[in-house]
Amino acid sequence: MPLVRVDALEGRSKNDIKCLLDAVHRTVLSAFKVPQRDRYQIYEEHSKSNFIVEDTGLGIQRTEHVVIVTVFSRPRTQEAKQAFYSDLCQELKTSCHINPSDVVVCVVPNTDSDWSFGNGRAQFITGEL
């Protein structure tokens, strides 16, 4: 955990998708200090007519490389979230040539009772994690 969902315009190659997901995971590891195998990611592509990402009036220019990264996670500090936003943009720029202006992030906090990693158990609550 966290669970990361990446939404993007259709058309990326398998290598581009792998690069993107690997970059996101490296940033999750760094900013949120989770174990290496704590990797839960969903990548979904959308047609241009079904994916609208504007700029909230900030004057941010988007391209066809725009991604929305949604992170479902236990509560994180404001500092950890800000580090994640910044580090993610840097990692995606360096590794995948995605400009920071094309990166939209939303962190959705939840609690220990909101997670089951399998077998019908709430491992954070039972003490298994």
Side-chain angles (χ1 to χ4, degrees):
M1 181 299 296
L3 169 63
V4 178
R5 179 185 171 102
V6 178
D7 290 273
L9 286 169
E10 59 191 359
R12 281 187 165 85
S13 71
K14 287 183 181 182
N15 285 339
D16 289 343
I17 294 168
K18 180 178 181 345
C19 177
L20 174 59
L21 294 177
D22 288 349
V24 171
H25 187 59
R26 284 191 297 275
T27 309
V28 167
L29 292 172
S30 172
F32 296 150
K33 310 296 187 233
V34 301
Q36 178 72 32
R37 288 183 43 87
D38 199 352
R39 187 171 182 170
Y40 300 89
Q41 296 177 313
I42 301 165
Y43 179 84
E44 186 166 346
E45 293 187 329
H46 305 275
S47 68
K48 195 170 188 170
S49 64
N50 292 336
F51 194 67
I52 300 169
V53 185
E54 293 186 350
D55 67 355
T56 316
L58 296 171
I60 298 171
Q61 297 296 312
R62 310 278 188 212
T63 73
E64 70 279 355
H65 301 291
V66 66
V67 294
I68 297 177
V69 179
T70 308
V71 181
F72 301 90
S73 174
R74 298 165 89 184
R76 304 290 175 176
T77 66
Q78 182 173 327
E79 292 80 15
K81 289 181 207 176
Q82 288 177 326
F84 179 74
Y85 305 148
S86 175
D87 294 351
L88 179 62
C89 285
Q90 182 61 44
E91 183 69 35
L92 291 175
K93 174 78 172 160
T94 301
S95 300
C96 308
H97 309 291
I98 298 173
N99 289 322
S101 60
D102 278 328
V103 181
V104 178
V105 182
C106 179
V107 176
V108 182
N110 50 54
T111 64
D112 290 352
S113 64
D114 295 316
W115 291 94
S116 171
F117 295 94
N119 299 323
R121 301 180 55 78
Q123 288 87 351
F124 285 132
I125 294 174
T126 64
E128 295 167 76
L129 284 175

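- Between Arg76 and Pro109 there is no side-chain heavy-atom pair separated by less than 4.5 Å.
- Glu128 contributes atom CD, which lies 8.0 Å from atom CG of Asn119 (distance to the nearest 0.5 angstrom).
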Acceptor/donor pairs from residues 18-36 side chains to any protein atom, 3.5 angstrom cut, sequence neighbours excluded:
{"residue": "Lys18", "atom": "NZ", "partner": "Asp22", "partner atom": "OD2", "Å": "2.6"}
{"residue": "Asp22", "atom": "OD1", "partner": "Arg39", "partner atom": "NH1", "Å": "3.3"}
{"residue": "Asp22", "atom": "OD1", "partner": "Arg39", "partner atom": "NH2", "Å": "2.7"}
{"residue": "His25", "atom": "NE2", "partner": "Gln36", "partner atom": "O", "Å": "2.9"}
{"residue": "Arg26", "atom": "NE", "partner": "Glu91", "partner atom": "OE2", "Å": "2.8"}
{"residue": "Arg26", "atom": "NH2", "partner": "Glu91", "partner atom": "OE2", "Å": "2.6"}
{"residue": "Arg26", "atom": "NH2", "partner": "Ser95", "partner atom": "OG", "Å": "3.1"}
{"residue": "Thr27", "atom": "OG1", "partner": "Ala23", "partner atom": "O", "Å": "2.9"}
{"residue": "Lys33", "atom": "NZ", "partner": "Ser30", "partner atom": "O", "Å": "2.5"}

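- The backbone N or O of Gln90 lies less than 3.5 Å from a partner atom in the side chain of Thr94, making a donor-acceptor pair.
- Although no hydrogens or angles enter the test, the distance criterion places a donor-acceptor pair under 3.5 Å between the side chain of Gln123 and the main chain of Gly118.
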Side chain to side chain contact (heavy atoms under 4.5 Å, CB included) between Gln41 and Val6, worked out
CA-CA 8 Å; Gln41 296 177 313; Val6 178; over 6 Å; no
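- Donor-acceptor pairing under 3.5 Å is lacking for the side chains of His65 and Asn99.
- Applying the ring-ring contact (aromatic ring centres under 6.0 Å, His included) rule to His97 yields no partners; only residues at least two apart in sequence or on another chain are considered.
- Within the model, atoms CD of Gln61 and CG of Asp102 stand 10.0 Å from one another, a figure rounded to the nearest 0.5 Å.
- A pairwise comparison of heavy atoms in Pro100 and Lys93 identifies CD-CD, 4.1 Å as the closest pair.
- Both Ile98 and Tyr43 are part of a single hydrophobic cluster, where members link through side-chain heavy atoms under 4.5 Å apart.
- Grouping the Ile, Leu, Val, Met, Phe, Trp and Tyr side chains by contacts below 4.5 angstrom, directly or via other members, places Val53 apart from Leu92.
- Residues Ile125 and Leu129 do not share a hydrophobic cluster, clusters being chains of Ile/Leu/Val/Met/Phe/Trp/Tyr side chains in contact below 4.5 Å.
- Cluster annotation: Val66 is not connected to Leu88 through the hydrophobic network of ILVMFWY side chains, with a link wherever side-chain heavy atoms come within less than 4.5 Å.
- Distance check, rounded to the nearest 0.5 Å: SG of Cys96 to CG of Asp16 gives 7.5 Å.
- Neither Ile60 nor Tyr85 shares a network with the other; the hydrophobic side chains, linked directly or stepwise wherever heavy atoms of I, L, V, M, F, W or Y lie under 4.5 Å apart, form separate groups for each.
- If you take CZ on Phe117 and CG on Leu3, they are separated by 9.0 Å, rounding to the nearest 0.5 Å.
- Judged purely by atom type and a 3.5 angstrom limit, Ser73 has no side-chain atom pairing as donor or acceptor with the backbone of Pro2.
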Test ring pair (Phe, Tyr, Trp, His ring centres under 6.0 Å) applied to Tyr40 and Phe72, step by step
CA-CA 10 Å; Tyr40 300 89; Phe72 301 90; over 10 Å; no
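- In this structure the side chain of Val67 reaches within 4.5 angstrom of the side chain of Arg12, judged on heavy atoms.
- Of the possible polar contacts, none joining the Arg121 side chain to the Ser116 backbone as a donor-acceptor pair under 3.5 Å is found.
- With a 6.0 Å cutoff to the six-membered ring centre and a 45° limit on the axis angle, Arg74 counts as a cation-pi contact of Phe124.
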